[in-house]
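The structure appears right after this line, and notes come after that.
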Amino acid sequence: MSEKYNPQAIEKKWQKVWDDEKAFHAENDYTKPKMYNLVEFPYPSGQGLHVGHPRPYTAMDIVSRKRRMQGYNVLFPMGWDAFGLPTENYAIKNHIHPKIVTHNNVRHFKQQLKSIGYSFDWDREINTSDPEYYHWTQWIFLKLFKAGLAYKTEMPINWCTGCKVGLANEEVVGGKCERCGSPVIRKMQSQWMLKITAYADKLIDGLDDVDYIERVKTQQKNWIGRSHGAEVDFQIKDHDERLTVYTTRPDTLFGVTYMVLSPEHPYIEQFKDEIKNYDEIAAYREEAAHKSDFERTELAKEKTGVCIDGLTAIDPVNGAEIPIWVSDYVLMSYGTGAIMAVPAHDERDWEFAKKFGLPIIEVIKGGNVQEAAFTDVATGTLVNSGFLTGKSVEEAKKEIIHYLEEKHLGRPKTNYKLRDWVFSRQRYWGEPIPIVKCPKCGYVPVPEDQLPLELPEVESYMPTDTGESPLAAMTDWVNTTCPCCGGPAKRETDTMPQWAGSSWYYIRYTDPHYDKGIASPEAMKYWLPVDWYNGGMEHTTLHLLYSRFWHRFLYDQGYVPCPEPYQKRTSHGMILGANGEKMSKSRGNVVNPDDIVREYGADTLRTYEMFIGAFDMAAPWKEEGVKGCRRFLDRVWKLQDIVVPGDSYSPALETQIHQTIRKVSNDYENMKYNTAIAALMSLQNEFTKAGKITRADYRVFLILLNPVAPHITEELWSIMNYGGRLYQTTWPEYDEEKTKEKEVEIAVQVNGKVRGKITVPADISKDDAIAAAKEAVSSRLTGTIVKEIYVPGRLVNIVQKNG
RNA sequence: GCAGAUGUGGCGGAAUUGGCAUACGCGCAUGAUUCAGGUUCAUGUCCAUAUUACUUGGGUGCGGGUUCAAGUCCCGCCAUCUGCACCA
């Protein structure tokens with residue numbers, strides 16, 4: 001009789017063996033077939049790992065372990081996205097240097113990850129807050145700057161009127177500061193920006209050449225939001241100036257009944273003296289400044305606005321005089337900050353027109369525009385539209401743009417919803433932006449041989465009263481000389497956002513200690529692109545897009561060998577709390593993986609995380625389910641007591657074993673871990689029921705289970721004396737012929753309802769199958785048979801008509 | 001509001017992409033083992049209905065439709081979840 005399964009002892013033992021043997025070291029042997037598997041590196045927060053982290057990590061660990069056994073040189077690295085706001089806030093509160101906080105958190109995370117037995121190559125560990133790492137983050141920024149893709153502009157930020165600091169959106173709760181409760185307003189601040197919009201087309205088109213799950217592609221495309229439309233110029237009455245708007249529907253130009261300016265539109269100041277109700281408009285603008293873009297568009301149901309008294313626009317096609325309004329549903333950040341409103345054919349315009357009693361003119365036939373906006377582009381025909389009347393929407397678009405171009409009243413224009421990337425943070429715990437501000441030379445890059453520009457030690461991590469970074473108080477550090485003219489100058493005190501370090505980390509893993517560049521050309525040529533990158537859906541539009549942007553830029557500059565960083569992208573679902581809600585400290589439903597490892601073992605944790613449900617869907621954590629997985633592993637452990645000699649599979653189970661090898665091999669690659677485990681459970685049930693298992697059966701079973709539960713299988717491998725290490729074994733093959741059943745049970749339906757079942761040879765002919773089926777349900781065949789359907793291996797359906 | 005997804009037993013979820021709905025696991029019930037509890041093992045478990053039978057009917061969020069056949073395809077609703085650019 002075997003000893004009791006004791007995961008705590010077994011797991012520690014094998015983790016040490018793997019470490020000592022450098023079992024999962026990615027070799028720099030560039031002649032082998034490679035596979036680069038990547039998971040999103042964690043932000044080492046003070047809370048430690050929660051059970052959401054192991055889901056993607058275990059999934060990719062399974063693929064990595066399997067591929068190693070199939071002969072691949074696998075790179076499966078791990079590191080730390082270590083700069084960030086919560087660490088800084090913790091440091092401010094507790095007066096501890098963020099470096100120390102980060103160090104402690106990383107130590108804790110690493111110990112947790114090690115206890116789960118991941119096959120990471122720890123020799124390639126990186127940390128974005130390490131100067132040796134951010135040296136190259138800063139270097140990339142300088143390249144962007146020199147290419148004209150980094151620039152400074154005035155941007156509104158969230159400003160806490162109490163703390164007098166800039167706040168992250170997340171720190172603003174209901175328009176108030178999360179910490180002190182004071183109102184938050186939008187304040188203009190000079191910010192570094194990266195011109196990601198210059199790469200909008202490349203980022204869309206690049207998606208054609210990569211293997212991303214469809215919803216990631218769709219979401220990125222929608223986020224970039226490319227639309228083809230036109231800019232139209234409206235003359236302002238009695239002035240030389242024209243008001244330019246962007247529209248995707250120039251065909252509806254005859255239906256314009258008013259214009260709307262964003263409250264921040266420069267014309268409001270420019271025409272201040274002409275506007276009779278300027279005070280009212282200024283008050284409205286003040287009010288809008290308290291709302292975020294999100295709130296402004298969300299409050300769509302209660303539209304607000306003020307009509308400008310004193311300015312009128314002229315319709316370029318029919319000369320009609322059109323009133324100009326100001327409303328916050330128009331955003332300065334999209335298009336030109338002004339729109340032409342066509343209430344008959346746009347929902348937001350329609351609601352606004354209804355509320356303020358503005359006219360609604362139908363220009364496309366098909367709906368009842370007094371009841372609702374008619375927005376169907378496909379079927380509509382133009383009416384009330386002068387020379388466009390009678391044309392389809394498509395034709396009218398072309399014609400009107402042609403007309404506007406000819407008269408110099410407009411032009412075709414492609415627009416993007418994507419906005420440039422705000423790259424400045426007025427914070428301490430981030431990469432210093434390596435720029436010097438010289439009164440003579442302007443913004444001057446720090447020479448590359450002076451990188452890394454290290455973060456100086458400061459006394460307080462609190463931003464200054466003026467909203468500048470804490471670095472601004474470090475006069476020794478701030479005051480410097482201009483690298484260009486040698487005169488006195490000041491350093492930039494803003495730091496980079498956390499996204500910076502994570503935008504290129506996958507490059508650094510290929511050669512983490514290289515000191516002449518981001519990584520050696522040989523390492524990049526061999527390892528890049530990442531073959532498979534798995535991460536959360538929540539990173540689709542920000543991190544994933546930002547890193548694709550940086551990579552594409554580096555490619556255009558000749559620094560990386562391929563245009564796209566990630567060949568394949570998949571996404572995991574969230575692990576929710578037992579109550580079906582997102583896990584969070586405030587909801588009190590967080591589960592710590594340490595507790596699961598301690599009570600049930602890492603292999604049970606891994607198995608449950610994979611068995612919990614479809615990998616790409618959210619699933620609630622249930623401790624009862626964990627127990628079921630532990631029971632499964634207990635049964636696997638006990639199989640050792642019923643092993644019988646035998647170099648081949650049990651004849652009775654041979655078909656099922658070959659089927660299981662096929663299913664598990666395919667399911668691991670297709671991220672269907674739950675059904676792979678279900679198939680292994682079924683096989684284990686068969687072994688237990690049979691009361692015996694041959695050495696060959698057990699051997700292949702252990703290999704198949706190994707990627708999911710590496711410790712217990714390695715231990716059993718050793719107990720069974722199969723020789724060597726399981727992790728060094730070759731992945732099993734299956735024989736397609738041997739997966740085929742000799743006999744199959746098929747359903748017999750009469751008029752689509754199952755009325756019986758028959759067992760027939762798998763290769764039975766259609767006629768024989770139908771004949772056998774008819775016999776099985778003969779008592780029910782009372783009418784005239786009108787149709788007979790045979791689906792091989794599935795069913796026979798006999799359709800009859802009575803009477 | 002915009003964008004992306006999801007909805008199947010008491011619960012987590014399967015279903016080869018139009019072919020026997022509910023695999024696998026949990027829970028529960030009954031029995032065995034045990035002084036007992038736990039563990040372990042065996043059997044059963046979609047709902048209703050009938051039965052000393054292998055009965056009959058219903059059933060994949062709701063309402064329609066296509067088809068010999070629909071969880072799967074089409075049209076229209078409803079509900080829930082995720083993201084929205086300074087959390088990462």
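Below, chain A is the first sequence line, B the second, and so on; all start at residue 1.
- With hydrogens and angles ignored, a donor-acceptor pair closer than 3.5 Å exists between the side chain of A:Asn797 and the base of B:C68.
- In this model, the phosphate group of B:C86 is not approached by any side-chain N or O of A:Lys187 to a distance below 4.0 Å at OP1 or OP2.
- Put simply, the side chain of A:Lys757 and the base of B:C20 share a donor and an acceptor less than 3.5 Å apart.
- Every residue two or more places apart in sequence or in another chain that forms a side chain to side chain donor-acceptor pair (under 3.5 Å) with A:Ser129 is listed here: A:Asn127.
- Base orientation of B:G9: syn, the glycosidic angle falling within 90° of 0.
- When the side-chain contact (heavy atoms from CB on, under 4.5 Å) test is applied to A:Ala690, no partner is found at least two apart in sequence or on another chain.
- When the nucleotides B:C26, B:U6, B:C68 are ranked by their closest atom to the side chain of A:Lys787, B:C68 comes out on top.
- For A:Arg419, taking side-chain heavy atoms from C-beta onward, the closest of the listed nucleotides B:G12, B:A85, B:G4 is B:A85.
- Here the side chain of A:Tyr546 is nearest to one of B:A14, B:C86, B:G83, namely B:C86.
- For an aromatic pair to be called close, the ring centres must be under 6.0 Å apart, and A:Phe611 with A:Tyr673 fails this.
- With no hydrogens or angles considered, a side-chain donor-acceptor pair links A:Gln426 and A:Asp494 at under 3.5 Å.
- OP1 or OP2 of B:C86 lies within a sub-4.0 Å distance of a side-chain N or O belonging to A:Arg425.
- Here B:A85 is the nucleotide among B:A85, B:G4, B:C20 with the atom lying nearest to any side-chain atom of A:Asn169.
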Return the polar atom pairs (N/O with N/O) between nucleotides 40-46 of chain B and the protein under 3.5 Å, or none.
| residue | atom | partner | partner atom | Å |
| --- | --- | --- | --- | --- |
| B:C41 | OP1 | A:Arg635 | NE | 3.1 |

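- Between A:Phe423 and A:Trp192, the gap from one ring centroid to the other reaches at least 6.0 Å.
- Nearest nucleotide to the A:Leu542 side chain, out of B:A85, B:C20, B:G13: B:A85.
- Annotated as anti: B:C20, whose O4'-C1'-N torsion sits more than 90° from 0.
- Comparing A:Gln189 and A:Ala618, the nucleotide of RNA chain B nearest to each residue sits closer to the 5' end for A:Ala618.
- With distances taken from any side-chain atom of A:Ile789 to the nucleotides B:A3, B:U6, B:G19, the minimum falls on B:G19.
- Distance check on atom C1': B:C75 versus B:U51 gives 44 Å, rounded to whole Å.
- Spacing of P atoms, B:G31 relative to B:G38, comes out at 14 Å, to the nearest Å.
- Centroid-to-centroid, the aromatic rings of A:Tyr533 and A:Tyr506 stay 6.0 Å apart or farther.
- Using modelled atom types, one side-chain atom of A:Trp637 and one backbone atom of A:Glu3 make a donor-acceptor pair closer than 3.5 Å.
- Near RNA chain B, defined here as any heavy-atom distance below 4.0 Å, the residues from residues 674-686 of chain A are A:Asn674, A:Thr675, A:Ala678, A:Met681, A:Ser682, A:Asn685, listed numerically.
- One P atom belongs to B:G83, the other to B:C74, and the distance between them is 28 Å to the nearest Å.
- A donor-acceptor contact under 3.5 angstrom links the side chains of A:Tyr246 and A:Ser227, judged on distance only.
- For A:Lys582, taking side-chain heavy atoms from C-beta onward, the closest of the listed nucleotides B:G83, B:A15, B:G13 is B:G83.
- The side chain of A:Phe611 approaches B:G12 more closely than any other nucleotide in the set B:G12, B:G4, B:C86.
- Between A:Lys672 and B:A15 there is a side-chain polar atom (N or O) within less than 4.0 angstrom of OP1 or OP2.
- Of the C1' atoms belonging to B:A69 and B:U17, the separation is 15 Å, rounded to the nearest Å.
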What pattern of brackets, bars and dots sums up RNA chain B from 5' to 3', given Watson-Crick or G-U wobble pairs under 3.5 Å, [ ] for crossing pairs and | for another strand? (((((((..(((......[....)))((((((.......))))))(((.......)))..(((((..]....))))))))))))....
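- Atom OH of A:Tyr334 is surrounded by more than 12 heavy atoms from other residues, nucleotides or ligands within 6.0 Å.
- Applying the side-chain contact (heavy atoms from CB on, under 4.5 Å) rule to A:Pro42 yields the partners A:His53, A:Tyr57, A:Met78, A:Trp80, A:Phe109; only residues at least two apart in sequence or on another chain are considered.
- For the 3.5 Å distance criterion, the side chains of A:Asp603 and A:Tyr608 fail to qualify, holding no donor opposite an acceptor.
- For the P atoms, the distance from B:C54 to B:G18 is 36 Å, rounded to whole Å.
- Residue A:Arg215 has its side chain nearest to B:A5 when only B:C86, B:A5, B:C11 are considered.
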